[in-house]
Amino acid sequence: MTFKQLQEEILELKRQNEVTILAHYYQPIEIQEIADYLGDSLGLSQTAKEKANTDYIIFAGVDFMAETASIINQNKHIMIPNYESYCPMASFLTPEKVKEFKDRYPGLPVVVYVNSTAAVKAESDVCCTSSNAVKIVEKISKEFNVQSVLFGPDANLADYTEQMSGIQCHKMPEEGHCYVHSQIKTEHLIDIQSQYPNAKILVHPECIREVREIADFVGSTSQMYNRVKNSTQDEKEFIIGTEEGLVERMAQDFKDKHFYLAKDKLICYNMKKHNLELIKYVLENLDDKAFEVRVPSEIANRAIKPIEKMLVFS
Ligand code: 13P
Ligand code: SF4
């Protein structure tokens with residue numbers, strides 16, 4: 001069966017069953033094409049809570065995104081096509097490590113990037129995404145009346161947030177990183193820019209500091225998308241420092257612009273574990289609990305507070 005046929009069957013099943021499909025920009029393009037909503041981590045959390053008014057939501061993203069949707073929508077069924085789709089960055093931080101940091105720095109608020117397990121979120125004061133980290137750190141430090149916070153698990157986002165807010169972000173841990181974004185080095189950007197000297201460089205805040213510092217724009221996936229959407233007529237070329245799925249989306253949506261991936265093979269293999277066949281299977285078997293995201297209620301009831309606080313602060 002071709003992608004087109006599978007997509008048509010999925011759209012029909014989705015209509016019959018009243019299911020919403022949410023997808024992240026890093027999803028394979030054929031999944032992005034059948035999604036009701038596409039977005040970054042923050043946008044998808046907000047959509048799951050405010051706009052998706054069906055009982056069943058299929059979440060095509062990594063597990064922490066689907067878990068977050070489940071925690072804030074405990075009356076809905078959040079289904080994930082492949083539960084092996086997880087974010088390796090999350091394993092840099094455990095609840096035990098958070099407790100150790102709290103003991104070492106008593107009184108400091110704990111800010112946890114949503115790319116983390118639900119059990120780690122449960123130990124935090126507030127969550128953040130790449131699009132709101134600066135705002136969240138500014139607000140929580142004001143609330144606690146402090147000039148530093150504990151921040152994890154991404155050390156690059158912590159560094160970026162500290163640079164932008166002027167508030168010290170103690171990294172939990174120093175080595176937390178994304179294996180996709182940390183592949184991008186300055187030499188890649190310099191090399192591509194020598195070929196396309198007029199191109200604007202847009203990168204994700206999970207990139208290392210040296211890369212962020214030579215970029216024209218640093219932002220989440222949605223923020224990069226909107227930067228291109230709102231670009232001027234004479235901004236025709238963009239070098240993109242993030243996962244290739246976003247480049248595929250923008251190449252489809254902005255046909256008069258040209259996009260160059262910062263380096264080859266910027267692929268989040270974990271995001272690519274979903275496929276159309278799995279989505280079709282879930283739609284045909286909505287009562288198959290193997291695909292339903294479940295966060296133990298003891299953890300969900302504690303993790304919901306920092307997630308809700310983030311949504312209020314955003
Ligand atoms: P965004 O929130 O920018 O979409 O980022 C999610 C992510 O996992 C980046 O690697
Ligand atoms: Fe995690 Fe990096 Fe994949 Fe984002 S791109 S989901 S941070 S591994």
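This one's a predicted model, so the numbers in the text were calculated from it and none came from an experiment. Residue numbers start at 1 and run along the sequence shown.
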Between the CG atom in Leu246 and the NE2 atom in His204, the distance rounded to the nearest 0.5 Å is 9.0 Å
### Task
Say whether, by atom type as modelled, one donor and one acceptor occur between the side chain of Ser70 and the main chain of Ala66 under 3.5 angstrom.
no
Can you classify the ring geometry of Tyr196 versus Tyr260 as parallel (below 30°), tilted (30 to 60°) or perpendicular (above 60°)?
parallel
For Ala35 and Ala23 the tightest heavy-atom approach is CB-CB, 3.7 Å
### Message
Within the structure provided, determine whether Ile267 and Val180 are in side-chain contact (heavy-atom separation under 4.5 Å).
### Response
no
If hydrophobic clusters are built from ILVMFWY residues whose side chains come within less than 4.5 Å, do Ile78 and Ile58 share one? no
### Message
Using the rule that Ile, Leu, Val, Met, Phe, Trp and Tyr join whenever any side-chain heavy atoms are under 4.5 Å apart, tell me whether Leu150 and Phe144 fall into a single cluster.
### Response
yes
Between the CG atom in Asp63 and the CG atom in Asn115, the distance rounded to the nearest 0.5 Å is 10.0 Å
Notebook entry, point to check: Above 12 or not: heavy atoms from other molecules or residues under 6.0 Å from CZ of Phe3?
Noted result: no
Got more than 12 heavy atoms from elsewhere within 6.0 Å of CD, Glu18? no
Discussion item. Using only atom types and a distance under 3.5 Å, with no angle test, would you say the side chain of Gln27 pairs donor to acceptor with the backbone of Met271?
Written reply: yes
Practice item. Please say whether more than 12 non-hydrogen atoms of neighbouring residues, nucleotides or ligands are located less than 6.0 Å from CD in Gln195. Key: yes
So, the side chain of Gln32 versus the backbone of Tyr25: is there a donor-acceptor pair under 3.5 Å, distance only?
yes
_For a 4.5 angstrom cut-off between non-hydrogen side-chain atoms, does Asn132 reach Phe313?_
no
**Request:** Could you give me the CA-CA distance, side-chain angles and deciding distance for Tyr225 and Phe254, then say whether ring pair (Phe, Tyr, Trp, His ring centres under 6.0 Å) is met?
**Result:** CA-CA 10 Å; Tyr225 182 95; Phe254 309 114; 5.0 Å; yes
Interatomic distance, CG@Leu278 vs CG@Leu283, rounded to 0.5 Å, equals 11.0 Å
* Would Tyr105 and Phe151 show up in the same hydrophobic cluster when neighbours are defined by side-chain heavy atoms closer than 4.5 Å? -> yes
**Request:** Taking the side chain as every heavy atom from C-beta outward, state whether Ile240 and Leu266 have any pair of such atoms under 4.5 Å apart.
**Result:** no
Residues passing the side-chain hydrogen bond (donor to acceptor under 3.5 Å, both in side chains) test with Asn226, sequence neighbours excluded, are none
Subject >> Tyr26-Tyr83 co-clustered via ILVMFWY side chain contacts under 4.5 Å >> reply: yes
Heavy-atom check, side chain of Glu284 versus side chain of Leu13, under 4.5 Å:
yes
Are the side chain of Arg212 and the backbone N or O of Cys207 linked by a donor-acceptor pair below 3.5 Å?
-> yes
Taking CG in Asn145 as the centre, count heavy atoms belonging to other residues, nucleotides or ligands within less than 6.0 Å. Is the count above 12? no
For the backbone of Ile208 and the side chain of His181, can you confirm whether one donor and one acceptor N or O come within less than 3.5 Å of each other? no
Exactly one candidate in Val111, Val134, Val137 meets side-chain contact (heavy atoms from CB on, under 4.5 Å) with Ile167; the answer is Val137
Quick note, side chain to side chain donor-acceptor pair (under 3.5 Å) partners involving residues 42-56, not counting sequence neighbours, are Thr20-Thr54
Using modelled atom types and a 3.5 Å cut-off, is there a donor and acceptor pairing between side-chain atoms of Lys4 and backbone atoms of Met1?
no
**Prompt:** Under 4.5 Å between any side-chain heavy atoms of Met172 and Val110, yes or no?
**Reply:** yes
Inset, instruction - Show your working on side chain to side chain contact (heavy atoms under 4.5 Å, CB included) between Ile80 and Tyr86 and close with a plain yes or no. - result: CA-CA 11 Å; Ile80 187 160; Tyr86 65 96; over 6 Å; no
Sub-3.5 Å donor-acceptor pair from the side chain of Lys273 to the main-chain atoms of Glu84, do we have one?
-> yes
**Electrostatic pair Glu138-Lys142, nearest N-O below 4.0 angstrom** = no
Looking at Lys102 and Glu123, does any basic side-chain N land under 4.0 Å from a carboxylate oxygen? yes
- Message: Taking Tyr113's backbone N and O only, do any of them form a donor-acceptor pair with Ser116's side chain (distance below 3.5 Å, no angle check)?
- Response: yes
Is it true that Phe101 and His170 have ring centroids separated by less than 6.0 Å? no
query: After noting the C-alpha distance and the side-chain angles of Arg227 and Asp216, does the key distance pass the salt bridge (charged side-chain N to carboxylate O under 4.0 Å, His left out) rule?
result: CA-CA 11 Å; Arg227 171 64 184 80; Asp216 297 293; over 6 Å; no
Arg249 and Ile29, any side-chain heavy atoms less than 4.5 Å apart:
yes
Side-chain heavy atoms under 4.5 angstrom apart, residues restricted to Ile, Leu, Val, Met, Phe, Trp, Tyr: same cluster for Phe291 and Ile71?
no
| said: I'd like to know if Glu243 pairs up with Lys272 as an ion pair, taking the criterion as any Lys NZ or Arg NE/NH1/NH2 lying under 4.0 Å from an Asp or Glu carboxylate oxygen. | reply: yes
The reported gap from CG in Asn198 to NE2 in His258 (rounded to nearest 0.5 angstrom) is 12.0 Å
Residues passing the side-chain hydrogen bond (donor to acceptor under 3.5 Å, both in side chains) test with Glu33, sequence neighbours excluded, are Gln7, Gln252
For a quick check under 3.5 Å, do Ser222 and Ser220 share a side-chain donor-acceptor pair by atom type?
no
Quiz prompt | Residue Lys289 excluded, over 12 heavy atoms near NZ under 6.0 Å | solution = yes
When rounded to the nearest 0.5 Å, the distance separating CG of Leu44 from OG1 of Thr221 is 8.0 Å
Notebook entry, point to check: Do any N or O atoms from the side chain of Lys121 and from the backbone of Val114 form a donor-acceptor pair under 3.5 angstrom?
Noted result: yes
Could you walk me through whether Glu12 and Gln16 pass side chain to side chain donor-acceptor pair (under 3.5 Å), step by step? CA-CA 6 Å; Glu12 186 47 36; Gln16 285 168 14; 3.2 Å; yes
Of Pro205, Cys169, Ser130, the one forming a side-chain contact (heavy atoms from CB on, under 4.5 Å) with Thr161 is Cys169
Between Lys200 and Phe217, is any pair of side-chain heavy atoms under 4.5 Å apart?
no
### Query
Would the number of heavy atoms belonging to other residues, nucleotides or ligands and lying under 6.0 Å from NZ of Lys236 be above 12?
yes
Distance col, row Ile214:CD1 vs Ile190:CD1, nearest 0.5 angstrom, shows 5.0 Å
### Query
Given Leu42 and Met310, is the side chain to side chain contact (heavy atoms under 4.5 Å, CB included) satisfied, shown in steps?
CA-CA 9 Å; Leu42 179 65; Met310 167 184 81; 4.1 Å; yes
For Ile279 and Ile34, what are the C-alpha separation, side-chain angles and deciding distance, and is it a side chain to side chain contact (heavy atoms under 4.5 Å, CB included)? CA-CA 10 Å; Ile279 293 179; Ile34 47 104; 4.3 Å; yes
Please assess Lys139 against Val126 for the test side chain to side chain contact (heavy atoms under 4.5 Å, CB included), listing each intermediate value before the final yes or no.
-> CA-CA 10 Å; Lys139 291 197 176 178; Val126 66; over 6 Å; no
Please examine the side chains of Val218 and Gln223, heavy atoms only from C-beta on, and report whether any two atoms are closer than 4.5 Å.
no
_Salt bridge present between Glu100 and Lys97 (N-O < 4.0 angstrom)_ = no
